[in-house]
Number of protein chains: 2
Amino acid sequence: MADTLTASALTLKDIARQAGVSLATVDRVLHNRPGVRPDTVRRVREAIERNAFQPHVAAAELARGRARRFAFVMPSGPNPFMQQIEAYLGEMSAWLAARRLGVETIATDVFDPSVLAASLTALADDYDGVAVVALDHPRVRAAIDDLVDAGTKVVTLVSDVPSSRRHHYVGIDNIAAGRTAGALVGRLAGGRSGKVAIVAGSQGLRDHAERIFGFNQVMAAEFPGLSVLPVLEGRDEDERSGQLLTRLLGRHVDIVGLYNVGAGTQGVAKALSDRASSDAGRDKVVFVGHDVTALTRRLLLQGVMDAAISQNPGHEARAAVRVLLALARGEPILREQEKIRIDIVMRDNLP
Amino acid sequence: MADTLTASALTLKDIARQAGVSLATVDRVLHNRPGVRPDTVRRVREAIERNAFQPHVAAAELARGRARRFAFVMPSGPNPFMQQIEAYLGEMSAWLAARRLGVETIATDVFDPSVLAASLTALADDYDGVAVVALDHPRVRAAIDDLVDAGTKVVTLVSDVPSSRRHHYVGIDNIAAGRTAGALVGRLAGGRSGKVAIVAGSQGLRDHAERIFGFNQVMAAEFPGLSVLPVLEGRDEDERSGQLLTRLLGRHVDIVGLYNVGAGTQGVAKALSDRASSDAGRDKVVFVGHDVTALTRRLLLQGVMDAAISQNPGHEARAAVRVLLALARGEPILREQEKIRIDIVMRDNLP
DNA sequence: CTCAAAATGAGTTGCGTACCTCAAAACACC
DNA sequence: GGTGTTTTGAGGTACGCAACTCATTTTGAG
């Protein structure tokens, strides 16, 4: 009736006794310090395995004395998503303080590879771990690899550099996010046929390109009645996005769906509502976008927007900290916990 | 350019010095032990506030010596959702062991108030915290309150007892979940009009009743073209659910949507596919259900099911442990982190 | 003013690990 | 067999706090 998990009350002393060595030797093995015969190492390792020994994390943390420092390297400039991440880090401050963790956010031009790479390189000696919103560029990759070689733990945040040796990526699969957006636009259009517009920041951004790729995949395969128009590049700016979309809506009377890949949501929404008021007879355009912000929340409630694909920024911030901490401590990572889900947010499940 | 969070390197000794008292007095104040004049308490508290002092959790944990024990009281019998929760607790075993946390799952007939209440009462002295899948019944509420009075931390899991004095509820808002299901059925039906069926375990279960309530709310308010049929009570059994639904589908040719509130998914899916093959000409019935299991995953991929409303069982298990731990330590709870979201899972964002 | 009770100071011990030193033992090599 | 090197043991200190004891001071009631 009762099923028990865990109970390791063993200490290093017990392991030492079982392996027939002294505490000092166990310590040497545990921290890969030199001066232990291979055979002895094996004996100690076996004793550890046999008892499923887990160092007491509290004792270890207390003994090392030195506080750990993590850096979050994020885009400068006003980006609501990044601001949310910063805000959630702030909410963790008591949690962080109780563990003597120092977290600093460092604003940088993440779109300039040289600047970003230089920022990263400068961190090597001062931080135990770095979370970075990374541009996928050879120079950035090299900087990340250098950090890893220096013993710093590195996590990519939101945007990955898969070819680097970063320890972990905290973010979503953007192709799957695009596919999800496609399925939503298609299904919510409810059998109508017509054209579908895409507004993106730039197709040069890896995450945007991947989302568009996934979106087109689904549209082509499953919604033959819908044809996708060429991508509008709004540079994540409200005005530009709005103007481009207004022009497009004027040229095509049969647009039934819209996928807004990045920011610029304000402009996109304006363009849509302008059209709606100029011609009240037409069916509403299905509008799917990304991220839950104050604006998208309002648009969802008003019914202007039909769904938002979201990656929970709070979860990302906390996951990044937890992963860095686990890496620094040599603890295993709870993969399932740290995996960022693709959330579909509609009016009734707004968080 | 760099924004720093946290850095409290103060210790109790510093607080004692600032307050002009000894370590012992600070300790008395911190742990609400008697024998300190109110005025002195105030001085100490002020020093703590002023410095935003946070006890070092590692040191505190180490010093108290005693390991903490938590109990998870869950339904006996084969319930895939509960099995998933248990599985995720198992995956945490290394994490738990490193913190000297003992977690035990206790199977009980949670549907019998007396049995459940007795199970709970028996736990008071042995556990520091209890997570319970609770039936909302006066006797259960009393048992929970007794536990709380005895100093045990109590968290309700999946199903809440709002009138009790439990410290926290880990689970979703089932009314909002039902609303979300309603919006999905309505929107995915794409303007068709007709009837909508509901299959539930029992309307006596609080969570099922709340979901149905939310579902009906949305249907009535927003989809006048859809009329909801009386609820079928399948008792979460495959066969019964399937039979009831088959009969209903036979009586009403114009059913366009189906909401499966609880389990019995296998039977529901069978009834749907039987109808589909017997009359290929008809439009597919929009099928929305709950939870991501091996079965619902397959149905989503096959297109039989259109969406699943899900509460991440892994998240619930971990959140329950974290909340109990924070409560036991007297740490603040990260509300945002522990809040369980209502996930909409469709084919392309399957986790 | 006296005496008991309350409040406080001073101190100790121990938690389990990291990190360090120094000496002793085991070993390899010539 | 002696040398130098590698490996190991023994032990200590420190980390910040919980929990405790005991002596001393302060307080309030009579």
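Every chain is numbered from 1 and lettered A, B, ... according to where its sequence line falls, protein lines coming before strand lines.
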Should B/Glu91 and B/Arg318 be marked as a salt bridge (charged side-chain N to carboxylate O under 4.0 Å, His left out) after you check the CA-CA gap, both sets of side-chain angles, and the distance that decides it?
CA-CA 10 Å; B/Glu91 286 179 16; B/Arg318 291 183 294 267; 5.5 Å; no

Decide yes or no on side chain to side chain donor-acceptor pair (under 3.5 Å) for B/Glu316 and B/Tyr88, but give the supporting numbers first.
CA-CA 9 Å; B/Glu316 297 200 332; B/Tyr88 285 117; over 6 Å; no

Salt bridge (charged side-chain N to carboxylate O under 4.0 Å, His left out) between A/Glu338 and A/Arg322: does it pass, once the steps are laid out?
CA-CA 8 Å; A/Glu338 313 308 356; A/Arg322 279 192 305 251; 2.9 Å; yes

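- Atoms NE2 (A/His56) and C1' (D/dC15) sit 14 Å apart, rounded to a whole Å.
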Please list, for nucleotides 18-24 of chain C, all pairs of protein and nucleotide N/O atoms separated by less than 3.5 Å.
unit_1	atom_1	unit_2	atom_2	d
C/dA18	OP1	A/His31	NE2	3.0
C/dA18	OP2	A/His31	NE2	3.3

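- Within the structure, every side-chain polar atom (N or O) of A/Thr25 is placed at least 4.0 Å from both OP1 and OP2 of D/dT7.
- The distance between atom CZ of A/Phe53 and atom P of C/dG16, rounded to the nearest whole Å, is 10 Å.
- Taking B/Asp126 as the reference, B/Arg69 meet the side chain to side chain contact (heavy atoms under 4.5 Å, CB included) condition, with sequence neighbours excluded.
- For the pair A/Ser164 (side chain) and A/Asp145 (backbone), a donor-acceptor distance under 3.5 Å is absent.
- Note: CG (B/Leu62) to C1' (C/dC15) measures 4 Å, nearest angstrom.
- As a whole-Å value, the separation of B/Leu23 CG from C/dA7 P is 20 Å.
- Base-pair partner of D/dG30: C/dC1 (Watson-Crick or G-U wobble, both distances under 3.5 Å).
- Per the geometry, CG belonging to A/Asp39 stands 14 Å off C1' belonging to C/dA26, to the nearest Å.
- Atom CZ of B/Arg66 is separated from atom P of C/dG16 by 14 Å (rounded to the nearest Å).
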Hey, can you pull the donor-acceptor pairs under 3.5 Å for the side chains in residues 28-36 of chain A, sequence neighbours left out?
unit_1	atom_1	unit_2	atom_2	d
A/His31	ND1	A/Asp27	O	3.0
A/His31	ND1	A/Asp27	OD1	3.3
A/His31	ND1	A/Arg33	NH2	3.3
A/Asn32	OD1	A/Arg45	NH2	3.4
A/Arg33	NH2	A/Asp27	OD2	2.6

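- The interatomic distance linking A/Lys13 (NZ) with D/dG12 (P) rounds to 13 Å, in whole Å.
- Between the CZ atom of A/Arg17 and the C1' atom of D/dA10 there is a distance of 16 Å, given to the nearest Å.
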